[in-house]
Each structure stands twice: as structure tokens, then as C-alpha cells.
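Basis for what follows: all heavy atoms, side chains included, without hydrogens, waters or symmetry-related copies. Lettering follows sequence order; numbering is per chain, from 1. In this text, all values refer to a predicted model and were calculated from it rather than measured experimentally.
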2 protein chains.
Amino acid sequence: MHCLENDTTTGDPIDCRILRAALALFVARGFHNVSVHDIQRRAGVSVGSIYNHFGGKEGIARALYAQVLQQMEALVAEALAGSDLRAGHRVLVGRLFEWAETRPALMAYVFQARHREFLPDTPPICSAAPFRRLRDRVVEAMACGELCRGDPWVVTSTLFGNAIRLVQLRLDGLVDAPLPARTEETVALAWRAVAP
Amino acid sequence: MHCLENDTTTGDPIDCRILRAALALFVARGFHNVSVHDIQRRAGVSVGSIYNHFGGKEGIARALYAQVLQQMEALVAEALAGSDLRAGHRVLVGRLFEWAETRPALMAYVFQARHREFLPDTPPICSAAPFRRLRDRVVEAMACGELCRGDPWVVTSTLFGNAIRLVQLRLDGLVDAPLPARTEETVALAWRAVAP
DNA sequence: GTCTATACGCTGATAGAC
DNA sequence: GTCTATCAGCGTATAGAC
């Protein structure tokens with residue numbers, strides 16, 4: 001939800017205030033360095049409310065995980081809507097780079113957080129629906145000659161690996177220029193690698 | 001040190017036993033889900049010894065960080081020893097894939113751990129010497145026509161992004177076949193992208 | 001539903017004997 | 001140098017008033 005972005009503490013539902021506060025803190029300090037009191041204070045609510053709504057800190061993290069995956073799912077669905085993988089790839093990378101600037105907390109929670117360390121029995125995020133969908137699409141594209149043949153993992157990692165890495169480096173503050181200006185270059189190099 | 005690998009509790013120095021136990025636990029559960037007592041128990045030493053040798057849990061993490069970076073440094077130095085970047089790239093990826101199988105804990109501590117969450121004032125690991133060295137070498141190679149021109153971050157991420165991503169996916173258990181068999185393919189695709 | 005005040009467990013860290 | 005026993009503080013979670 002867009003309710004995850006912006007820090008307007010004004011007026012919107014208490015759930016969203018809690019989620020936004022928690023996301024910002026989790027991303028900045030890491031889950032275990034954030035206490036319920038920190039979240040409570042930043043969200044401007046009480047401890048009781050947090051337990052009422054989410055059952056605790058872990059519950060918040062779970063809710064965030066779900067929301068964030070939903071966002072990714074929508075993004076991938078949009079990008080893969082057309083039949084042309086090459087065009088879809090361009091759209092997807094463009095959007096990821098855009099989000100790295102405009103929604104860094106969301107992106108960090110997807111690409112930097114180690115969910116297994118605080119959400120028991122959570123499979124790695126890359127085994128979640130949106131990521132599986134990407135890989136499936138790659139396999140399909142290999143079959144119909146839209147992509148070069150090869151091991152599915154290798155080809156998928158090559159197609160998206162440079163963009164994902166750039167997002168991670170950008171979020172870590174190593175890349176100091178906004179990514180969107182590099183979209184075309186990134187996409188072109190990736191495609192050169194996997195062209196049929 | 002090779003002292004980080006193998007779980008032979010027998011006989012070797014107490015420092016190494018502690019480091020090995022801690023590395024295994026940190027990687028398996030995450031730094032904050034491991035207590036000093038866990039490490040102490042697994043290493044077969046007492047709490048006092050841990051504080052004597054490392055000053056605490058954080059001290060262990062710092063020592064591990066240093067050792068692990070040293071390993072990476074040696075690896076990169078070896079790979080970049082020759083003048084041919086293409087050959088060096090092949091060696092490096094091959095070694096990373098090999099280590100993902102034989103020294104998974106080391107690799108996980110490098111590529112999965114979020115050091116900023118438990119080591120205050122630690123810059124992101126990718127800004128450390130070995131990683132900087134790689135990027136510098138790429139810039140050099142672009143200048144002398146060994147690589148296509150482009151943004152240094154984009155080209156570096158393209159050259160190594162697929163391999164790094166594969167290592168991460170392998171460590172997360174998503175890729176279920178050993179990586180070394182995919183070395184040639186991975187290297188070939190990456191190079192296709194950045195060839196002059 | 002929201003809040004405050006409180007309880008309890010765990011963990012990092014120390015003291016002091018050997 | 002190594003150990004055991006102990007402490008103090010923090011952080012989660014709950015109880016109970018409003």
C-alpha cells in the first residue's frame with residue numbers, strides 16, 4: 001500500500017502509522033535493534049495498541065512482509081503483462097530503479113532484510129510468488145527462442161542480477177547517483193548477455 | 001584462516017574454536033539470535049574465556065569480519081594477479097562457486113550477513129578493500145578497451161552480478177545443484193554482456 | 001479500542017575462586 | 001588463563017483502568 005510511504009503522521013489509520021514507523025525503523029537499524037517502545041513512540045501510539053493490532057513486534061514484521069510482497073507481485077504482473085519479455089524486462093528494471101529512489105524503505109525490506117532471522121519458518125523471499133514468476137517466464141522465453149538456452153537459474157540471475165545488485169549498492173549508499181539515469185545502460189548490458 | 005572451516009572440536013587453539021562456533025551459529029540463526037552462552041556451549045569453553053579473548057559477542061563478530069575479509073582479499077589478489085581480466089574473472093567466479101560449496105559459512109558471512117546491524121560504524125562490506133579493488137580493475141579495463149565503456153558501477157555489477165546472485169540463491173537453498181558445474185556458463189554470459 | 005504501569009525472562013557482562 | 005556464580009538492564013508481553 002502507498003500507506004507505507006511518507007511519514008505524514010497526520011490522520012490516517014493507526015495500523016498504517018504503526019507499519020510505517022516500524023518499516024522505517026527496521027530498515028534503518030535492523031529488526032532486532034528496534035524495540036516495541038521505539039515503534040510505539042515513533043508511531044505516536046501506545047504499546048497496547050500495537051499488541052491489539054499485530055500481536056507484537058513479530059506480527060508487525062509479518063504484516064509488512066505480506067504488504068511488501070504484494071507490491072512486488074503487482075509490479076511483476078504489470079511488467080510481464082505484455083508478451084515481449086525484453087520490453088517487460090525494461091519496464092521492471094526501470095521501476096525497480098525508480099523505487100530505489102522514491103520508496104527506498106520498501107526496497108530495502110525486500111532486498112536487504114534477512115527475514116529468516118526474525119520470521120520463523122519464512123522461506124527466503126526469492127522463493128515467493130513474484131520471484132518465481134520471473135523465473136518461470138524466463139524458462140518460457142528460453143523454450144520459444146526469445147532467450148538463449150541455458151540453466152534457468154544462471155540465465156535468470158544474469159538477466160536480473162546486475163539490476164538487483166545495483167539496487168543493493170544504491171541502498172547501501174555506495175552508488176551515489178540516482179539509478180534511473182542508468183536504466184537503459186543496465187538493461188542493454190543484461191540483454192546482450194542473454195540474447196538468443 | 002582455514003581454522004574457520006571444519007568442526008573438529010579437537011585440540012586446536014581456543015580462539016579458533018570460539019570463532020568457528022560463532023560463525024556457524026551467526027550464519028545459521030543470525031547474530032542477534034545467538035547468545036554468548038550458545039557460543040560458549042558449542043565451542044566447549046567458558047563464558048570467561050570468551051570475554052578474555054574477544055571482549056564479548058561483538059568482539060567475536062569483529063574478529064570474524066576481519067578474517068573473512070582477509071580471505072576475500074587473498075582470493076581477489078590471486079584472481080587479478082595476471083594481466084588478463086577475462087581470465088581473472090573466470091578464476092574468481094570459479095573460486096566463489098567452489099567456496100559456496102566447501103565454505104558456505106564463510107560465504108554467507110560475506111554475502112548474507114548485515115554487518116551494520118551488529119557492528120556499529122562498519123561500512124558496508126562492498127566498500128571494503130577486495131570489492132573496491134575489483135571495481136578499480138574494471139575501470140582500468142574499460143580505459144584500455146579490454147571492456148566496453150560505461151558507468152563503472154553498472155559494468156562492475158554486470159560482470160559480477162550474476163555470479164554473486166547465484167551464490168546468494170545457492171546459500172539460501174533455492175538452487176539445489178552445486179554451482180561449480182555452472183561456472184563456464186555463468187562466466188560466458190557475463191562476459192558477453194561487457195565485451196568491448 | 002486505547003492507554004499506563006508492572007512483571008518476568010533473557011542476555012550481556014563482571015567478580016572472584018582456582 | 002579458565003572457570004562458575006551472580007548481577008543489572010533491557011525488552012517483550014500482560015493486566016487492568018478508562
Quiz prompt | Atom-to-atom span, CZ of B/F54 to P of C/dA13 - whole angstrom | solution = 14 Å
Self-check item: A/H37 side-chain proximity, nearest of D/dA13, D/dG1, C/dT2
Solution: D/dA13
Exercise. Any pair with a residue in residues 178-187 of chain A that passes side chain to side chain donor-acceptor pair (under 3.5 Å), sequence neighbours left out, goes on the list, sorted by first then second residue, please.
Key: A/R90-A/E184, A/R182-B/D151
Quiz item: What residue among B/L159, B/V187, B/L134 forms side chain to side chain contact (heavy atoms under 4.5 Å, CB included) with B/L92?
Solution: B/L134
Quiz prompt | Touch class at under 4.0 angstrom, heavy-atom based, for A/H53 against every strand present | solution = sugar-phosphate
Quiz item: Could you state the CD1-C1' distance from A/I60 to D/dG11, rounded to the nearest angstrom?
Solution: 14 Å
Quiz item: Aromatic ring centroids of A/F160 and A/H89 under 6.0 Å?
Solution: yes
Quiz item: C/dA13 P sits how many Å from B/I39 CD1, rounded?
Solution: 11 Å
Quiz item: Do the ring centers of A/H115 and A/Y109 come within less than 6.0 Å of each other?
Solution: yes
Practice problem: Send over the distance from B/H32 NE2 to D/dG11 P, rounded to a whole Å. | Solution: 10 Å
Quiz item: Once you round it to whole Å, what is the distance between P of C/dT11 and CZ of B/F31?
Solution: 13 Å
Quiz item: To the side chain of A/I14, which of D/dT12, C/dG12, C/dT2 is closest?
Solution: C/dT2
Quiz prompt | Between D/dG16 (P) and A/N52 (CG): distance, integer Å | solution = 16 Å
Quiz item: So what does B/V47 touch, heavy atoms closer than 4.0 Å: a base, only the sugar-phosphate, or nothing?
Solution: base
Quiz item: In whole angstroms, how far is the P atom of C/dC10 from the CZ atom of B/R41?
Solution: 12 Å
Quiz item: Nearest-Å distance, CZ (A/R17) to P (C/dC3)?
Solution: 8 Å
Practice problem: Ignoring backbone atoms, establish whether A/K57 has a side-chain N or O less than 4.0 Å from OP1 or OP2 of D/dG11. | Solution: no
Self-check item: Minimum-distance nucleotide to B/Y51 side chain [options: D/dT2, D/dT12, C/dA13]
Solution: C/dA13
Quiz item: Salt bridge between B/R133 and B/E73, side-chain N to carboxylate O under 4.0 Å?
Solution: yes
Quiz item: Do the side-chain N or O atoms of B/S49 get closer than 4.0 angstrom to the phosphate oxygens (OP1, OP2) of D/dC3?
Solution: yes
